[in-house]
S.K.: 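Shown below is the structure under consideration.
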Number of protein chains: 2
Amino acid sequence: MTQAAEISTAPPPRHDEILIAIREMIFTGELIGGQRVPEKMICQQLSISRTPLREALKVLASEGLLELLPNRGARIARLTASLVDEMFPVMGALEGLAGKIACQRISDDGIDEIRALHYQMAAHYKRGELGEYFGLNQQIHEKIIAATGNATLAGMYTSLAARIRMARYRANFSQPRWDQAMAEHDEILSALTERDGPRLTGVLSKHLKNTCETVKAVIAGGETG
Amino acid sequence: MTQAAEISTAPPPRHDEILIAIREMIFTGELIGGQRVPEKMICQQLSISRTPLREALKVLASEGLLELLPNRGARIARLTASLVDEMFPVMGALEGLAGKIACQRISDDGIDEIRALHYQMAAHYKRGELGEYFGLNQQIHEKIIAATGNATLAGMYTSLAARIRMARYRANFSQPRWDQAMAEHDEILSALTERDGPRLTGVLSKHLKNTCETVKAVIAGGETG
DNA sequence: GCATTGATTTTTGCATTCAAAATGCTACCG
DNA sequence: CGGTAGCATTTTGAATGCAAAAATCAATGC
């Protein structure tokens, strides 16, 4: 085994980094829904040429994060209420499946990790730290999905979650809604601890329905981010 | 309104056609699992340059139909048993959701269309015409998904179905299995006619489990297509 | 005879270039 | 004054060209 083995010391492919960079620009709100994306601008901003950029744009379009208008360039996808109504039932089906499988397969250590994240999140909730709360919240949901050991499921979930993140709905996260969400998370942790698949699936579904309403409220308010 | 309006008389984007062409090459078995895909070869075959081809390859990779090895080109994805075990539960969740929604939303005409497809399929079954059977089978499942009116759901389903189609499992479709599948389809039509969502979901799930076993049998037999 | 090393060839990744479509502007006409 | 036609500019779509990495092959040493 004289070769460098599997550890890739090679420079990372530009194309992937561009993908990540643009996704980040969308999530941070640097690029917002409906906005056109001139290739030249992004090229200068990232110091790359148009070829790898265009490759990344095609992939992002296939993920639904932006739309390509032939001969008229790309624009950031706009999240409509009807799209949200489409996406959340699918999210529900995926998370429901994940809940069921996770209860069967997650290790005790895995549950402990989620519990740790949960209490961290609860602390941020009590201190009113919304940004930190959302970060932990996302991590918990991802951990549950990851606990299924199903990469296909995880990939689809992540893709859908990314499209919803475009809404930046946390801007419309009222205190009552926050209280409710935190209570739902208590239930989630409880169901997971008891490895009660059906209950976890039910709670996740309820949690998701409420999130859906919040997101739609944001969109209806004109903030389509 | 002097412009050409929405009717696109413009030449279709090469990039999309390439995508479709390569997908077709995978489904027809012209490109088989594990096989490397030299850019030059495809370029000559389709009479295009490498730039749009590479854009298409990136998209296909993001769809899971092929994998990109940095600096080492693309290869057709290989369907492993563990991947199939991942994909079918997700398919089940999606089809289950589709069954539920379809029963609520499908029009009577929509049911009639599926019924027509069903009887056509049954005729091919009786005549032992496997290829035609599979074509109709695919159309029926797609119709059920389409009846939900949920494009996000349909897109995810289609993407997963495409990856499974790579297995060309019809090669291993025994007569007993075929009899069983046809019986399941009778049940599917029946549940749909009665608009019995839970029953439809259950039948689709059973149908899918059997398909999963058939696909895995093909893979285990060395034919990874 | 076999393995290893080095040069050659091929292939990939990206930048650049060229052509076509769309956009914006100006001048002209009603 | 408003609208349209024509031209210039900008932007996208695709082909080509160039540099780096990988694969291939030959020669050398053991």
Side-chain angles (χ1 to χ4, degrees), chain A residues 1-23 25-26 31-32 34-63 65-77, chain B residues 1-23 25-26 31-32 34-63 65-77:
Chain A
M1 185 69 85
T2 54
Q3 281 99 328
E6 310 301 335
I7 303 108
S8 174
T9 50
R14 297 253 183 277
H15 158 263
D16 283 346
E17 300 202 335
I18 296 170
L19 259 174
I20 295 167
I22 298 180
R23 267 196 275 256
M25 289 166 87
I26 292 174
L31 296 171
I32 60 180
Q35 189 173 315
R36 296 215 25 201
V37 185
E39 297 175 359
K40 204 173 171 185
M41 188 185 86
I42 308 290
C43 285
Q44 291 171 346
Q45 206 160 337
L46 300 180
S47 301
I48 42 133
S49 84
R50 283 176 55 220
T51 308
L53 171 69
R54 286 170 59 79
E55 291 172 358
L57 292 181
K58 297 281 191 302
V59 172
L60 289 167
S62 87
E63 290 175 3
L65 288 180
L66 47 83
E67 42 195 311
L68 257 37
L69 313 171
N71 287 318
R72 254 180 277 175
R75 75 171 46 166
I76 308 296
Chain B
M1 185 70 84
T2 55
Q3 282 99 328
E6 311 300 336
I7 302 108
S8 173
T9 51
R14 297 251 183 278
H15 158 261
D16 283 346
E17 301 202 335
I18 297 170
L19 259 174
I20 294 168
I22 298 180
R23 266 196 275 257
M25 289 166 87
I26 293 174
L31 295 171
I32 59 178
Q35 191 173 316
R36 295 213 28 200
V37 185
E39 296 174 0
K40 203 174 174 185
M41 188 185 85
I42 308 290
C43 286
Q44 292 171 347
Q45 205 160 338
L46 300 179
S47 301
I48 43 140
S49 82
R50 284 177 56 218
T51 307
L53 171 69
R54 285 171 59 79
E55 291 172 358
L57 292 182
K58 297 282 192 298
V59 172
L60 289 167
S62 87
E63 290 176 3
L65 288 180
L66 48 83
E67 42 195 313
L68 258 37
L69 313 171
N71 287 318
R72 255 180 277 175
R75 74 170 49 165
I76 308 297

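Chain naming here is simple, since letters A, B, ... match the order of the sequence lines and numbering starts at 1 in each. These numbers come from a predicted model, not from an experiment.
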S.K.: Run the side-chain contact (heavy atoms from CB on, under 4.5 Å) check on V37(B) and I76(B) step by step: do they pass?
M.R.: CA-CA 7 Å; V37(B) 185; I76(B) 308 297; 3.5 Å; yes
S.K.: When the distance from CG of L53(A) to C1' of dA14(D) is rounded to whole Å, what number comes out?
M.R.: 15 Å
S.K.: Has R36(B) got a side-chain atom pairing as donor or acceptor with R72(B)'s backbone, closer than 3.5 angstrom?
M.R.: yes
S.K.: Which atom names give the shortest non-hydrogen contact between L19(B) and A56(B), and what distance separates them?
M.R.: CD2-O, 3.9 Å
S.K.: Round to a whole Å and report the spacing from CG of L19(B) to C1' of dA14(D).
M.R.: 15 Å
S.K.: In whole angstrom, give the distance that lies between atom CG of L57(B) and atom P of dT12(C).
M.R.: 9 Å
S.K.: Measure CZ/R75(A) against C1'/dT12(D) and give the value in whole Å, please.
M.R.: 15 Å
S.K.: Check each residue of residues 34-42 of chain B for a non-hydrogen atom within less than 4.0 Å of any atom in DNA chain D, then write out the ones that pass by number, or none.
M.R.: none
S.K.: L69(B) CG to dA23(D) C1': how many Å, rounded?
M.R.: 14 Å
S.K.: I want to check something: taking the side chain as every heavy atom from C-beta on, are E17(A) and I48(A) in contact at a cut-off of under 4.5 Å?
M.R.: no
S.K.: Specify the closest pair of heavy atoms between L53(A) and E39(A), including all atoms of both residues, with the distance to one decimal.
M.R.: CD2-O, 3.4 Å
S.K.: Given that R72(B) and G73(A) both sit by DNA chain D, which one's nearest nucleotide is further toward the 5' end?
M.R.: G73(A)
S.K.: First locate atom CZ of R54(B), then atom CD1 of I18(B), and finally report the distance between them rounded to the nearest 0.5 Å.
M.R.: 12.5 Å
S.K.: Looking only at heavy atoms, which two atoms of P52(A) and H15(A) are closest? And how far apart?
M.R.: O-CD2, 4.3 Å
S.K.: How far apart are the closest heavy atoms of L66(A) and R75(A), and which atoms are they?
M.R.: CB-O, 3.0 Å
S.K.: Using atom names, set out every protein N or O paired with an N or O of nucleotides 14-17 of chain C below 3.5 Å, distance rounded to 0.1 Å.
M.R.:
| from | atom 1 | to | atom 2 | distance (Å) |
| --- | --- | --- | --- | --- |
| dC14(C) | OP1 | R14(A) | N | 2.9 |
| dA15(C) | OP2 | S49(A) | N | 2.9 |
| dA15(C) | OP2 | S49(A) | OG | 2.5 |
| dA15(C) | O5' | S49(A) | OG | 3.4 |
| dA15(C) | N7 | T51(A) | OG1 | 2.9 |
| dT16(C) | O4 | T51(A) | OG1 | 3.2 |

